[in-house]
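Here is the structure we will look at.
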Protein chains: 2
Amino acid sequence: MEFQRGQTIIVEGEPANSFFNVTSGVVKLLRSLPSGRIQIVGFRQPGEFFGIAEGEKYTSSAEAITCGTVCRFSRAGLENELRTYPELQTRLLFMSFKQLTASQEQALMLGRMTAREKVASFLMLYGYRSLHDHIKQKQWAMLPMSRAEIADFLGLTIETVSRTLTSLARDEIIAVGRKSHFIQVIDPAALAHATGSSRQDV
Amino acid sequence: MEFQRGQTIIVEGEPANSFFNVTSGVVKLLRSLPSGRIQIVGFRQPGEFFGIAEGEKYTSSAEAITCGTVCRFSRAGLENELRTYPELQTRLLFMSFKQLTASQEQALMLGRMTAREKVASFLMLYGYRSLHDHIKQKQWAMLPMSRAEIADFLGLTIETVSRTLTSLARDEIIAVGRKSHFIQVIDPAALAHATGSSRQDV
DNA sequence: CGAAGGTTTGAATATGCTCAACTAATGTGG
DNA sequence: CCACATTAGTTGAGCATATTCAAACCTTCG
């Protein structure tokens, strides 16, 4: 199943009939409030799954950040697969643990980090290797997500993300390309320090 | 394995040799920053597990909120159990999905809710049924966690949690007992409305 | 009773948000 | 290919929410 940038794949609250595995591209998972506020609760890259909930309804929506493809399983089909290939279940469990850890890491960021620490942490996660694999530049990393998506992931506003990136660039820790999706990490140690999570500081 | 209130069960960063299942009591999972800031990334009640990570080290610490007991499995022992009882793995996968959903719910709270919405959401989750099962009062719910723990779960300060509870009480949505761990929901509809997550408002 | 821990309340402050203007990049039709 | 519209991103000023620091309060426990 192919999708285009911005395309909605699943909608929060609808019957959870399918389960997806990303084969190419990047997908964002998000939850929203009636007032229109959005929180991105995770990104899914090739090899990662989404769309399974413990209940009968999806607990988050999924939208494509880049164009790409996903593999779609029906719920029943998946259960069948699991019965025939028990190692698949082990693999799924392992990936689920990984996603849980990532989600807890995000909770730490959201709850206890300053804007600068959040943005620095985000860049440590996504600012090095290009998620977009068909673009290969040595020094410059291509962030597939927009400023709005970074903001919705970090629990900030677009303006604060923009200001913080500018500030990190002014401090020569990173450089921002003319096309704003391109970012270069100039001083990795300083970036790690700016996250507030590295051990050797304080 | 028994534990007392406040007792540390596992420590973030140490080798992940064991896996735990809560049999009684309540446990908090937390991550911390070098600067001393704490974020609680989940609570674990009877029947729920913790302590498994995708890597070799624990990614969060665990501390007892109440006295209680946990069942401890060695990593190898668990792998054995899984091989002999495949349904156990299915059950574990299911619970893992549930924890992931809860963590994503928390991300929404942390990233996009106001202090009042956070506290109201917290009370919707934990303010009705007493987690402490040996205390049974009809109207009053007993919150096992302190103001500090609520604050560390919601990404707020103790003062803000306290002020917000006082405010909700002033609005006659809840009542706070003289023993501050006791809370009564007076107006459930108003509480739901105060979360900002209910559909019929806006 | 006095000490200790947890909680509440108050006043001033700071961090990030809102609103608004401006700039840069992208796309469209003539 | 250029003028113009459109969208995404940046920058600025003032403001609001939650924090910090400080003091008071209340329960519990020795």
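In this text the structure is predicted, and so the values were computed from the model without any measurement. Below, read A as the first sequence line, B as the second, and so on, with proteins coming before strands; counting in each chain starts at 1.
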Look at [X] and [N] and indicate whether a side-chain polar atom (N or O) is within less than 4.0 Å of OP1 or OP2.
X	N	value
T114(A)	dT15(C)	no
H181(A)	dA25(C)	no
S162(B)	dT7(C)	no
T157(A)	dC17(C)	yes

Applied to residues 71-80 of chain A, the side-chain hydrogen bond (donor to acceptor under 3.5 Å, both in side chains) test, sequence neighbours excluded, yields S18(A)-R72(A)
Note: for R170(A) and R112(A) on DNA chain D, the residue whose nearest nucleotide lies more 5' is R170(A)
Starting from [atom2] on [N], measure out to [atom1] on [X] and report it in whole angstrom.
X	N	atom1	atom2	value
I150(A)	dA8(D)	CD1	P	14 Å
R147(A)	dA8(D)	CZ	C1'	9 Å
L110(A)	dG16(C)	CG	P	13 Å
M113(B)	dA18(D)	CE	P	13 Å
M145(B)	dG6(C)	CE	P	16 Å
E149(B)	dT7(C)	CD	P	9 Å
L154(A)	dG16(C)	CG	P	12 Å
I183(A)	dG9(D)	CD1	C1'	12 Å

Look at all strands and tell whether [X] reaches a base, only sugar-phosphate, or nothing, counting heavy atoms closer than 4.0 Å.
X	answer
T160(B)	base
G155(B)	sugar-phosphate
L165(B)	nothing

Check the orientation of F43(B) and F153(B). Use parallel for under 30°, tilted for 30 to 60°, and perpendicular for over 60°.
tilted
*asked:* Has T69(B) got a side-chain atom pairing as donor or acceptor with M1(B)'s backbone, closer than 3.5 angstrom?
replied: no
Quiz item: Just by distance, do the side chain of Q99(A) and the backbone of S96(A) share a donor-acceptor pair under 3.5 Å?
Solution: no
Given the options E149(B), R163(B), R147(B), I158(B) meets side-chain contact (heavy atoms from CB on, under 4.5 Å) only with R147(B)
Notebook entry, point to check: More than 12 heavy atoms of other residues, nucleotides or ligands under 6.0 Å from CD of E87(A): is that the case?
Noted result: yes
Heteroatom pairs (N/O) under 3.5 angstrom, protein to nucleotides 19-22 of chain C:
from: dC19(C); atom 1: N4; to: E159(A); atom 2: OE2; distance (Å): 3.0

Atom pairs, N/O to N/O, protein against nucleotides 27-30 of chain D, distance under 3.5 Å?
from: dT27(D); atom 1: OP1; to: R178(B); atom 2: NH2; distance (Å): 3.4

Output for pair (Q106(A) CD, Q104(B) CD), nearest 0.5 Å, gives 8.5 Å
Between the CG atom in L165(B) and the OG1 atom in T160(B), the distance rounded to the nearest 0.5 Å is 11.0 Å
Between R116(A) and S180(A), whichever has its closest DNA chain C nucleotide further toward 5' is R116(A)
**OP:** Might you work through the ring-ring contact (aromatic ring centres under 6.0 Å, His included) test for F19(B) and F49(B), ending with a clear yes or no?
**Re:** CA-CA 7 Å; F19(B) 166 82; F49(B) 71 83; 5.4 Å; yes
Ranking dA18(D), dT10(D), dG16(C) by distance to the side chain of L156(B), first place goes to dA18(D)
Between R116(B) and S167(B), is any side-chain donor less than 3.5 angstrom from a side-chain acceptor? yes
